[in-house]
Amino acid sequence: NAGVTQTPKFQVLKTGQSMTLQCAQDMNHEYMSWYRQDPGMGLRLIHYSVGAGITDQGEVPNGYNVSRSTTEDFPLRLLSAAPSQTSVYFCASRKGTRGGEKLFFGSGTQLSVL
Amino acid sequence: TQLLEQSPQFLSIQEGENLTVYCNSSSVFSSLQWYRQEPGEGPVLLVTVVTGGEVKKLKRLTFQFGDARKDSSLHITAAQPGDTGLYLCAGISSNTGKLIFGQGTTLQVKP
């Protein structure tokens with residue numbers, strides 16, 4: 001099983017550029033989410049979705065956009081990249097929408113904004 | 001804002017030593033999870049504890065949920081180099097139902 005697949009693995013952007021981080025899961029999970037991981041900050045929730053067509057903001061949503069047109073895919077868009085968005089981004093999914101269930105993470109995208 | 005404080009942030013020990021990582025909050029959590037993350041990979045769930053005072057064992061790892069469900073600990077007996085990684089605790093807020101992560105503890109076990 002592929003699980004949660006993220007692409008690309010690494011990306012360098014210039015300030016002001018836009019890009020989309022891709023995330024796909026093959027487990028038919030309802031819940032999908034995006035986190036960013038910064039040193040000493042743990043994982044912070046950017047956006048999440050509880051099903052196709054439904055998205056909501058997390059703790060740090062500014063500068064990011066998401067959509068969920070299918071159960072499998074949950075892309076994260078950076079509208080105008082800023083150096084503060086340099087981070088490692090993780091997509092995660094779980095079967096149900098209850099918080100206590102197991103989260104499955106992708107292997108991450110390391111993004112540098114110059 | 002609910003916070004989960006992990007301590008220590010960094011730990012470097014010799015193979016065979018024992019260690020304990022702590023996860024503390026002033027808030028109550030309905031359950032608490034522990035994840036391990038290796039370099040270049042995403043976190044992987046180790047265990048979920050749900051009941052206050054609950055103790056779960058996973059080989060040489062022992063996880064405990066505090067009686068008041070505000071804190072948790074991870075104890076590793078006879079650490080091995082394969083235990084090296086980032087350990088993250090994550091709590092489900094009793095108020096919001098949302099998952100909150102601690103900052104993580106980086107563990108290095110030297111052969």
Side-chain angles (χ1 to χ4, degrees), chain A residues 1-11 21 23-25 27 29 31-50 56-61 74 76 87-111, chain B residues 1-10 21-25 27-52 54 56 58 63 65 69 72 85-106:
Chain A
N1 287 341
V4 179
T5 303
Q6 285 185 240
T7 55
K9 184 71 174 174
F10 302 95
Q11 183 70 51
L21 278 61
C23 175
Q25 52 91 9
M27 298 173 282
H29 284 175
Y31 179 93
M32 295 186 74
S33 56
W34 277 101
Y35 288 88
R36 60 177 289 171
Q37 186 173 39
D38 302 291
M41 303 285 288
L43 288 160
R44 292 183 291 169
L45 183 64
I46 304 171
H47 285 287
Y48 65 98
S49 168
V50 297
D56 206 348
Q57 296 181 352
E59 183 185 353
V60 288
F74 191 46
L76 177 72
S87 187
V88 182
Y89 291 84
F90 288 98
C91 180
S93 72
R94 63 175 181 246
K95 184 171 179 57
T97 58
R98 291 181 58 190
E101 296 184 32
K102 179 180 178 178
L103 263 180
F104 293 81
F105 284 86
S107 58
T109 296
Q110 189 169 323
L111 175 68
Chain B
T1 303
Q2 291 180 287
L3 292 175
L4 268 175
E5 299 285 342
Q6 279 189 245
S7 62
Q9 279 194 287
F10 301 98
V21 176
Y22 300 93
C23 179
N24 295 301
S25 177
S27 304
V28 175
F29 293 94
S30 57
S31 65
L32 199 133
Q33 300 174 332
W34 284 92
Y35 291 80
R36 180 166 70 202
Q37 183 179 10
E38 299 189 12
E41 298 295 329
V44 175
L45 181 67
L46 295 173
V47 76
T48 301
V49 285
V50 179
T51 308
E54 182 177 3
K56 280 191 174 180
L58 189 65
F63 305 85
F65 201 11
R69 289 185 288 127
S72 181
L86 177 68
Y87 289 82
L88 294 156
C89 66
I92 309 301
S93 167
S94 293
N95 291 336
T96 66
K98 293 194 173 179
L99 185 66
I100 300 166
F101 280 87
Q103 325 95 297
T105 295
T106 299

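Residue numbers begin at 1 in each chain, while the letters A, B, ... track the order of the sequences.
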- Message: Rounded to the nearest 0.5 Å, what separates atom CZ in A:R44 from atom CD1 in B:I100?
- Response: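 The distance works out to 13.5 Å.
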- Message: Measuring from atom OH of B:Y35 to atom CG of A:L43, what distance do you get when rounded to the nearest 0.5 angstrom?
- Response: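 Reported value, rounded in 0.5 Å steps: 9.5 Å.
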- What are the two closest heavy atoms between A:F105 and B:G42, and how far apart are they?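 Answer, listing the atom of A:F105 first, then B:G42: CB-CA, 4.1 Å.
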- Item | Heavy-atom closest pair, residues B:Q33 and A:E101 |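 Heavy-atom minimum between the residues: NE2-O, 3.2 Å.
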- Task: Could you tell me which portion of B:E38 (side chain, backbone, both or neither) has an atom closer than 4.5 angstrom to a non-hydrogen atom of chain A?
- Result: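 For B:E38, no heavy atom lies under 4.5 Å from chain A.
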- Task: Side chain from CB out, backbone as N, CA, C, O: work out which of these in B:E41 comes under 4.5 Å of a heavy atom of chain A, or both, or neither.
- Result: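 Looking at B:E41, backbone and side chain both touch chain A.
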- Message: Taking side chain as everything from C-beta outward and backbone as N, CA, C, O, which of these in A:Y48 sits under 4.5 Å from a heavy atom of chain B? Side chain, backbone, both or neither.
- Response: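 Side chain of A:Y48 only, per the 4.5 Å heavy-atom cut-off to chain B.
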- What part of A:Q110 is in contact with chain B, defined as an atom under 4.5 angstrom from a non-hydrogen atom: side chain, backbone, both or neither?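 For A:Q110, no heavy atom lies under 4.5 Å from chain B.
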- Query: What's the verdict on side-chain contact (heavy atoms from CB on, under 4.5 Å) for B:L99 and A:Y35, showing C-alpha distance, side-chain angles and the deciding distance?
  - Reply: CA-CA 11 Å; B:L99 185 66; A:Y35 288 88; 3.9 Å; yes
- Task: Using side chain to side chain contact (heavy atoms under 4.5 Å, CB included) as the criterion, list what pairs up with B:T106, not counting sequence neighbours.
- Result: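 Here the qualifying residues are B:F10, B:L86.
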- Name all residues meeting the side-chain hydrogen bond (donor to acceptor under 3.5 Å, both in side chains) criterion together with B:Y87; count only those two or more places apart in sequence or in a different chain, and write none if there are none.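 By the side-chain hydrogen bond (donor to acceptor under 3.5 Å, both in side chains) rule, B:Y87 matches B:R36.
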- Item | Neighbour count above 12 (heavy atom, 6.0 Å) for A:K9 NZ |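 Yes, the 6.0 Å shell around NZ holds more than 12 heavy atoms from other groups.
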- Query: Checking B:K98 side chain against A:G58 main chain: does a donor-acceptor pair fall under 3.5 Å?
  - Reply: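 Not a single qualifying donor-acceptor pair exists.
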- Message: Does any part of the side chain of A:Q37, heavy atoms only, come nearer than 4.5 Å to the side chain of B:L88, both counted from C-beta?
- Response: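 When only atoms from C-beta onward are counted, A:Q37 and B:L88 do touch, with a gap below 4.5 Å.
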- Query: Taking the side chain as C-beta and beyond, is there a heavy-atom pair between A:F90 and B:Q37 under 4.5 Å?
  - Reply: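 The answer is yes, as the side chains (C-beta and beyond) meet within the 4.5 Å cut-off.
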